[in-house]
Structures are given as C-alpha cells and as structure tokens.
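Chain letters run A, B, ... following the sequence lines, proteins first, then strands; residues in each count from 1.
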2 protein chains.
Amino acid sequence: MALEKVDAYLESHRAKFEDQLKDLIRIPSVSAQPDHDADTRKAAAFVRDDLAAMGLKAEIIPTKRHPIVYAEWLGAPGKPTVLVYGHYDVQPAEPLEPWLSPPFEPTVRDGNLYARGATDDKGQMFTHLKAAEAWLKAGGGLPVNVKYLIEGEEEIGGANLEEYVAANRERLKCDYAVISDTSQFAPGQPAITYGLKGLAYFELNVKGANRDLHSGTFGGAVQNPLNALATILASLKGPDGKIQIAGFYDSVKPLEDWERAEFAKLPFSEGAFQADLDAPALFGEEGYTTLERKWARPTCDVHGLWGGYAGPGPKTVLPCKAGAKLSFRLVPGQDPAAVDRQLRAHLAEVTPPGVTVELTTLQGAPAVLVNVQTPGFRAAVRAVEAGFGTKPVFIREGGSIPVVGLLKDQLGVDTLLLGWGQNDDNLHGPNEKFSLADFHRGIKAGAHLLHELALETI
Amino acid sequence: MALEKVDAYLESHRAKFEDQLKDLIRIPSVSAQPDHDADTRKAAAFVRDDLAAMGLKAEIIPTKRHPIVYAEWLGAPGKPTVLVYGHYDVQPAEPLEPWLSPPFEPTVRDGNLYARGATDDKGQMFTHLKAAEAWLKAGGGLPVNVKYLIEGEEEIGGANLEEYVAANRERLKCDYAVISDTSQFAPGQPAITYGLKGLAYFELNVKGANRDLHSGTFGGAVQNPLNALATILASLKGPDGKIQIAGFYDSVKPLEDWERAEFAKLPFSEGAFQADLDAPALFGEEGYTTLERKWARPTCDVHGLWGGYAGPGPKTVLPCKAGAKLSFRLVPGQDPAAVDRQLRAHLAEVTPPGVTVELTTLQGAPAVLVNVQTPGFRAAVRAVEAGFGTKPVFIREGGSIPVVGLLKDQLGVDTLLLGWGQNDDNLHGPNEKFSLADFHRGIKAGAHLLHELALETI
C-alpha cells in the first residue's frame, strides 16, 4: 500500500536528503544582517525550486525585506488541508571563534550535523518538504491537501509575514497548521509542544555628555552612561529572580495544577541539566522548578552590552554612550504592548539623573497555549510515535514562535508543534547541530502525519 | 642679557617648534596596543635625538616593554638640579568615528592642534625640551642642571619606570621635579596643581554556562552573565553618588576648610560646565560641589562593557560571558592595595548565584598632595606668570600621575605640576587638542622656570 511505498522511498533517499539539506545550509541566509540579503533570496529560491520539483505549485512572494515562499497541492478534495510553516532564515553566526567547524559549512560529527540553521529551522522545516516528496513520488499523491508557507524573517520578527497572512486569509485557509521548530523533551523522548512563550525585545541606548571624557578630569562630576546602564539593567530583576517592573505579573496566567503535576513527572534531572551547562549554580524565580521557569514563567534577559573601551590594557575614558539589547519572554495572559508600556514607565522611574535613555522596540509577540484535546493532536501523537518509535509527551517551551498566534488569529487554526530537535542543539549559539537520525525520524513522522490527518474527521 | 636672548629665540622658532611637535605626534605611539610597539620605539628615538641635538647627553634605556629616554646636562655646578618628567606614549585613538581629522595627522583648526597626544603628553612634554634648547642655543648654557626622564608606559601604568627610578636613585637625584601633564584652570587662567588623585583600575570578567544559550530554551533557568554584570556594577555606587564598598571611605582625608573656601572663590560656573558637556544634568556625590567632586572626592567609573550580541536587529542569545573595565579615582589617605582588597570582598558579597567572576588589577597608584609653601613653588609662580601673563591659581586635579608619588618616595622631591592644557582638550577621547598659543606660552614659562629656580636657594 501507499504508506509502505512512502516509507521505502524515505529509506532509500536518506543520503540524497542529507545532501540537499547541506546545500540549503551552505547558503548563509542571516536575516538580521543586510550584507546577507542576497543569501536570503538564494535560500528562498532553493526552497521554492525544491517544492516545484516535487510537483507543487510554488512561488516566491517578494516583500519589503526578505521574500516568502508559498506552495500548494490541492489534489485531495474533501480531505483536510494542512498548512506547513517554516523559516529559511537563520540567526547570525557570531561569535565565530567558538565554532569547531565553519558555521555555514555543514559538518557531520558523531551522527550530528553541525552548522548554523541545522536545527533552527532549515533542518526541521526541510523534513516536511521531504515527507511530501515521498507521497508525491512514491505514494501516488498526497493523502491530504497541503500548503507551505516558508518565510525569511522569523529570526528578526519581521512584519511582512503578518501582512501577507492577513491579506491572504482565503488562500491560506486550512484545517491544521504544522510547525517543526521546537525540541523533543530529551534524546529518545519525542514531545508535542502545547505552549510557547511570547517575546518583547528591545534595544536600550543611554546617552550622557556630548563627547567622551577623561575619567580623571570629569569623573565624579557627571553621570557615566555605563554606570547608569548597569543601574537600569540591574533594576529589572530582584535577587529572588522576580522581575521588578510594576504591573508585569498582573495578567500572568498561573500554571495549572495538572501542568505542574505533569511537569514533575517528566524524567528531568536538575543536576544533569546543571552539569551539562557546567554552570556554578542554577538560578531562577523563587518558588518554581527549572522546568516551570523554562516553560511557564516570564523571564528577562540581557542579550548584548556595549560601550566604552574593550581593547587590551586600561583606558580611563568616561564614555558618552552605552547600549544594551534585552528581552522579556512572556507567558499566556501577558500582552507585549502592555509590557512595552510598563518597561517605558519603569525606565522613567529608574533612569538616574544626568543621562537620557532611548528605548527601541524590536519585536513583540504574545504567548500561545494550544488545546491538546483535538483530532489533529490525536493524529500527531500517532504520527510522532510512528516516526520515533516512542509516544510523545506533551510539554511547553520557553521559546517564542510568533507565527502560531498569527495563524490562530488570522486563520483560526491551532498549530501542531512537532519538535525534532534536542535541547542541547545550541540553536542561536556557536556549534548549532541537528541529529541526522532525528532528521530522518522527523521526515517519517511528517509523512505519517499526512496519512493520519486524512483519517481524522475534521 | 641671556633671558632676553632666550625669549627672542623662542619667538623666532615658533614655526619650527610646531613642525617638530607635529612630527612627534604623527608617530602613533599607543602603549596599550602591542601592534604599535614599533611606534613607541620610534617616538622614544625621536625624543632622544631631539635632546641629543640640543647638546644633552641622551640615551634610550630599553625595558621589558616600552623604552625610557634619559638625558642630562650638568654644566651648572652649585646650582639646583631640575628633573623634567614626561611621557611619549598616548592613549588608544578608538573610537575612530567621531574624530574630525585623523588622530595621528595633526591638524590645526582655530588655533588648536588636533591629534591624539597633542596635549597628553607630547605637546606639553615637548615645551620643556624647547625651553632647554633655547638656553643652550641662545642663552649660553642652562642656568640650572637638568635631567630629562621621558617614559612610554604612562597610559598603561607600566611598572618599568618604577623599577628604573628605584634602581637609579643616585643618577636621578634632583632638587625639583617638573611635570606638564595637567590643565590650566580655564582659558586665560593658568594654574599650578598641588593635588592629584590616585587610581585603582580593574578588568572584571563574568562567566556563566560553558556555552552561549538560546534565551527561550534556557532563559529563566540559569543566571545570565550580562544581567549579573549589571547587578554587580550597579552595586558599586548608590543613588546618592556614594561608593557602596565597605570601608572605602574609611581612610579618606577630608577636604580642609581652606581648600573648600579657595575652590569656592574660583570663577567656576556649574551651568557653563554643564552646557559645555550638553549633559541633561550634573551628577555626583551628595554634599559636594562639582569642583570638590572633580578634585578631591573618590570616584568610580565603568570604562567599557562587553558581552553578547551588539549587531543589527534582535538576537535572542543568552551569552555565557560578559566583561567590564572599571576604576576608582582615589584621594589622599586611600591605599590602592586596600581598595583592591575591599573590591574583592565586595564582589564576593554581591556576585549573584550562577556565575563566577574574575577580577584583574590593571593599575594602582595612590593620590598625591604637594606642599605649596616651598621655594620651587615660588619660582614656578613667577615663571608661569612670565609665560602666560597672569598669576597662576593653585588647584587640585582629578587625574592621576603616579610618577609624582614615585618621585617623592624614591627621590624625596616634590613635583611642580605646571599644566598648559585646557579642561576641554578631550584628552583620552576623540578630537584631543592643544592650543598652539598655550604651547608657546608653556615653552616660555618652562624657559623662565629654569631661570627662576636658579635664583632660589634650595
């Protein structure tokens, strides 16, 4: 039967799929860095060409920044329609020094593929292309209708996808959305993610005098923007790990008892987690476990700091400006726009005299909670079990995938978050990796998902 | 008479002196940056050659890092001996972007010479070479004995000068030391500085996990080194501008009543000071005026901050390390070694869980107070008045010139701090400048100082 032929096709094309993924990864499609704009275009063309080659109607949709790839196959009338979302853009590779192999030269070590974008999201996204290819090439066509929406601004929170989805609700109409851009719970324990955090990301710039000054001649008489920046950033979080912005927790949806109970049952070792990171201690909000902190409590992190002299030796400059990037991960109930207002009010309160601050909002998206009691989830559980040989657990995730909220708002669909990655994949850091075994298991789960969704009544 | 011939020589050699100074400034002798080591050697050779050309016995003394230039003329037996100290090394020119003309291409605008090292200390140091040249070329010889000690590690607090002085106390024996590496009180108001701050300079590195992490996957569960660095730096100073390190003020020598009274009499406008800096407000330790804060109260400044992502757009990294450069300006009574210990104890107290810190001491020197009731000071007052046409006021200074303490300890001499610069000369910052009129006034004052010192009994 068709499903067996599909499985056989997957088995016989493993090497080809890996080579294709490597070709995609070699394109350094860093969306945040304008000098890579030609590369994002190249990556979009690669994805479009691959979808077209397997028989989908595929096109590139230009935007004001990075293009969107859209493709569809609607040859299963009366059957459900699945929208697969993914992104071809990647995080900057910097810092380069810690990479053991070049970030854009995919290198296999110990069964893992090392490269920027290996797991986030080129490798995971690509599984769903290969799943469709197997049905089209070996299964006599797809068992459901499919639509692919692959964007290039996920890592920069670009607004162009949102505009496109809002303007193309009819075209994108579907019964389920599927995204693979998360992680399994652990090696050997696949998971379906039912909750994601939101994000409010900012750049903060602090300015003092009109020029850099000598710290001997002027020190003590004027505010130092670097000291002031430290004071502002330190004010955001207390020693108990709680965020100290007025109103910040007001609308936070508390963890439900069943969730805390389920999390507690998962085979998670705080000691092993700490040992893997080689951190001197774990640290987080008082009153919560590590999994609860990671998955269901809002956070505040500084992502970058700059200002003054960072070269060798001493330099007694009193710099005139300093800056930081920082973000808050939000949980269900929190509104990024409200957090934006609360942060601005907080800055007005805590900025020391003698400097001015400028806050730029770079990204904002609310958190997502998906209902786990739906036919799509039942189909996904069976498909993941078929691909990975193990029943998935249901988990939440500390990361943010703003498109999940967008698809819910604009298309009215819940998203199946089927993560093939691992927590130690170093996404966004040096030496990002993706297990090739999981890559192939993910392709198989994706292929079975199309089969299982066809069996469910909508 | 000789003094008139000297004055005439100075008048007729203005253009030549300026050209020579420009040649010296074109050598980018940045002591902190090892790729400029050839330049520090070149600058040392330039100074040695100039001293030798005018008739002094001059030599280059190699050290483990940057060479020292020593020269002497001892042809005035029975007369006092003056040791002139200066430094040929300069601060790094970075950041380069704000410079209106290249930092090592001296450029004259509005009567000022713009370049790194223009005032600190090439321009000021050079005045004493030209003063001696005038006596030797036009005055029939010097009225006193002179020794020149010009080093190349002032801006990095190198230990080699200290070693050399300690090992050559007999050779360097003198009655007065003279240094021009400070500022006038204001344009048209020359000053002699009788107090300098000390310095304790550090680099602080904070480490968390063994790798950069995704702030979604790990945020909230581990300490972020950038947040931790902000917390540590913010703990150093309170909202009242007071340094919050236990014991820090214990040994601070308070300002005497006569000093507060003298400072208050100086024509200093806090409004004009603020307006020149275009700062939104002045800020400093509660209970002190701006001049008192600048000159006589200890300070704490962060000079550089680094860590994480500072490129365009958002990047949700949770970096594994962060760092800062910071220093304390010390006042009389404070011991840099004690401050070092106090800071380390403070860090042990305030470092948040989940990170480790490493503190490196880069520089340490105590403050200096010089007795103003000496024959040398009386001579200096007359010489400065001759050069600048105005009687100098006595001031203190927030900068640190560790060699003043060294000369006192090792040679038992007080130093005459005769500053030819201005407070807005941007030393250590972009667009450093030196008034050419003050350059020539300084040369004249230097030449007259040699004459006036010969008249004083030791």
B:N227 side chain to A:L233 backbone, donor-acceptor under 3.5 Å: no
Check: B:L318 main-chain N/O paired with A:D301 side-chain donor or acceptor under 3.5 Å: no
Among [options], single out the residue with the greatest number of heavy-atom pairs under 4.5 Å to chain A.
options: B:A32, B:P280, B:G429; result: B:P280
options: B:T182, B:T299, B:V302; result: B:V302
options: B:P314, B:A228, B:P34, B:G157; result: B:P314
options: B:P225, B:P430, B:P353; result: B:P353
options: B:Q223, B:Q274, B:E203; result: B:Q223
options: B:G284, B:P298, B:A281; result: B:A281

Using every non-hydrogen atom in the two residues, find where [X] and [Y] come nearest and quote the distance to one decimal.
X: B:P92; Y: A:K315; result: O-NZ, 3.4 Å
X: B:A221; Y: A:K294; result: CB-CG, 3.6 Å
X: B:A230; Y: A:A234; result: O-CB, 3.7 Å

Flag the pair [X] / [Y] as yes when at least one side-chain heavy-atom distance between them is below 4.5 Å, and no otherwise.
X: B:P352; Y: A:F283; value: no
X: A:P95; Y: B:D212; value: yes
X: B:T316; Y: A:R329; value: yes

Answer with side chain, backbone, both or neither: which region of [X] has an atom nearer than 4.5 Å to a non-hydrogen atom of chain A?
X: B:I232; value: neither
X: B:N423; value: both
X: B:Q363; value: side chain
X: B:Y309; value: both
X: B:Y288; value: neither
X: B:K325; value: side chain
X: B:C320; value: neither
X: B:L199; value: side chain

Aromatic plane relationship, B:H428 with A:H214 - under 30° parallel, 30 to 60° tilted, over 60° perpendicular: tilted
Toward chain B, the part of [X] with a non-hydrogen atom under 4.5 Å:
X: A:K197; value: side chain
X: A:P98; value: neither
X: A:E397; value: side chain
X: A:S400; value: neither

Heavy-atom neighbours of A:Q244 CD exceed 12 at 6.0 Å: yes
A:K242 atom NZ: more than 12 heavy-atom contacts under 6.0 Å: yes
Of A:D276, A:D278, A:D425, the residue whose pairing with B:R211 passes salt bridge (charged side-chain N to carboxylate O under 4.0 Å, His left out): A:D276
